[in-house]
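I have placed the structure first, in the form of structure tokens, so that the comments after it can refer back to it.
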Amino acid sequence: MSIIDSSDDHVPSEEMDKLSELSKLYPDFNIDCMRTSVLLIRTSHEIFNETSTLLARHGLSPSKMRILVPLLLRKKPLLPSDLAEYSGVTRSTMTGLINGLEKDGLIRRGAHEDRRMTSIHLTDEGKQLIHSTLPVYMKQIDQLMSHITEDEQKVLHRLLYKIQAGLETSKQS
């Protein structure tokens with residue numbers, strides 16, 4: 001028996017019927033790959049929507065969290081380019097996020113030791129907001145993941161890293 005019980009299969013039969021129809025039209029179509037992809041995308045969207053709703057109640061978004069948390073953890077200013085790389089967004093997107101966070105009083109721009117650059121600093125207000133939001137956010141993530149064991153989470157991590165490796169390979173093609 002696998003680590004994940006297949007009786008937990010919750011793919012609506014209507015969706016499976018559609019996938020089966022596609023496999024009839026396209027004989028090389030791998031229904032299992034498509035089914036996995038559909039489940040993964042649906043699940044990631046639902047997790048994103050749930051966590052976004054919670055963060056919005058605190059005036060934040062997942063994108064803003066990906067900026068504030070590294071600033072909190074590093075306890076030192078970071079360059080916008082470092083934040084963009086860490087967050088996986090373009091520099092122009094990062095500029096917009098930084099502008100919004102600065103307007104909200106959660107970060108401030110400051111001089112970098114290399115005076116040609118600007119550093120991003122977390123304000124006291126930003127620290128307070130992260131310290132009050134993060135425990136609630138982490139509790140929600142714990143609840144969302146509560147149906148899978150620690151061992152299953154490790155398996156899921158390995159599988160997701162494999163999918164990410166496939167994405168990297170696909171980008172290079």
Side-chain angles (χ1 to χ4, degrees), residues 1-6 8-12 15-16 18-23 25-56 60-101 107 112 114 117-120 122 130 133-134 137-138 140-173:
M1 186 166 142
S2 72
I3 194 163
I4 299 173
D5 184 359
S6 62
D8 286 340
D9 218 330
H10 296 296
V11 179
E15 191 169 294
M16 285 304 293
K18 289 178 187 174
L19 293 175
S20 294
E21 288 299 314
L22 281 175
S23 68
L25 291 171
Y26 304 99
D28 294 336
F29 180 72
N30 185 329
I31 192 167
D32 289 328
C33 285
M34 185 57 75
R35 177 176 165 261
T36 301
S37 176
V38 167
L39 284 168
L40 181 60
I41 291 168
R42 177 186 295 137
T43 302
S44 70
H45 282 291
E46 289 177 8
I47 290 171
F48 182 83
N49 291 339
E50 285 294 313
T51 56
S52 294
T53 299
L54 178 131
L55 291 173
L60 293 171
S61 67
S63 298
K64 290 179 178 180
M65 284 289 281
R66 286 193 302 268
I67 296 169
L68 296 174
V69 170
L71 288 171
L72 177 72
L73 295 176
R74 290 286 299 267
K75 298 185 191 293
K76 70 174 194 169
L78 292 170
L79 297 172
S81 58
D82 295 333
L83 289 167
E85 185 177 322
Y86 176 81
S87 302
V89 299
T90 64
R91 289 182 184 201
S92 60
T93 298
M94 182 54 60
T95 299
L97 289 166
I98 288 171
N99 289 343
L101 288 166
I107 62 168
H112 187 266
D114 177 346
M117 295 187 246
T118 300
S119 293
I120 305 303
L122 191 59
I130 288 297
T133 305
L134 219 57
Y137 177 77
M138 290 167 63
Q140 183 185 40
I141 296 296
D142 284 348
Q143 288 172 344
L144 292 172
M145 302 299 280
S146 68
H147 293 279
I148 60 175
T149 68
E150 207 171 296
D151 286 340
E152 289 170 338
Q153 287 182 43
K154 289 176 185 174
V155 169
L156 182 57
H157 294 170
R158 286 194 301 274
L159 295 172
L160 291 172
Y161 285 128
K162 284 183 174 186
I163 292 170
Q164 286 181 343
L167 286 169
E168 288 302 314
T169 302
S170 177
K171 288 177 189 176
Q172 295 171 4
S173 300

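The structure presented is a predicted model; accordingly, all values stated were derived computationally and were not measured.
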Find the distance between [atom1] ([X]) and [atom2] ([Y]) and round it off to the nearest 0.5 Å.
X: N49; Y: H45; atom1: CG; atom2: NE2; result: 8.0 Å
X: I67; Y: L97; atom1: CD1; atom2: CG; result: 4.0 Å
X: Y161; Y: L156; atom1: OH; atom2: CG; result: 10.5 Å
X: L60; Y: T51; atom1: CG; atom2: OG1; result: 11.5 Å
X: I107; Y: N99; atom1: CD1; atom2: CG; result: 8.0 Å
X: I47; Y: I141; atom1: CD1; atom2: CD1; result: 7.0 Å

Should [X] and [Y] count as side-chain neighbours, where that means a heavy-atom distance under 4.5 Å?
X: V155; Y: I148; value: no
X: M65; Y: L55; value: yes
X: L40; Y: L160; value: yes
X: P80; Y: T95; value: no
X: T149; Y: K154; value: no
X: L144; Y: Q140; value: yes

Looking only at non-hydrogen atoms, find the nearest pair between [X] and [Y] and report the distance.
X: Y137; Y: L54; answer: CA-CD2, 3.8 Å
X: M145; Y: Q153; answer: O-NE2, 4.0 Å
X: I120; Y: L71; answer: O-CD2, 3.3 Å

Donor-acceptor check, side chain of [X] to backbone of [Y], threshold 3.5 angstrom: yes or no?
X: T36; Y: D32; answer: yes
X: S170; Y: G166; answer: no
X: S146; Y: Q143; answer: yes

Please table the atom pairs, donor to acceptor, closer than 3.5 Å between any side-chain atom in residues 83-94 and protein atoms at least two apart or in another chain.
unit_1	atom_1	unit_2	atom_2	d
S87	OG	R66	O	3.2
S87	OG	L83	O	2.9
T90	OG1	S92	OG	3.2
T90	OG1	T93	N	3.1
T90	OG1	T93	OG1	2.9

Quiz item: Taking atom CD of E150 as the centre, does the number of heavy atoms from other residues, nucleotides or ligands within less than 6.0 Å exceed 12?
Solution: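 Counting other residues, nucleotides and ligands, CD of E150 stays at 12 neighbours or fewer.
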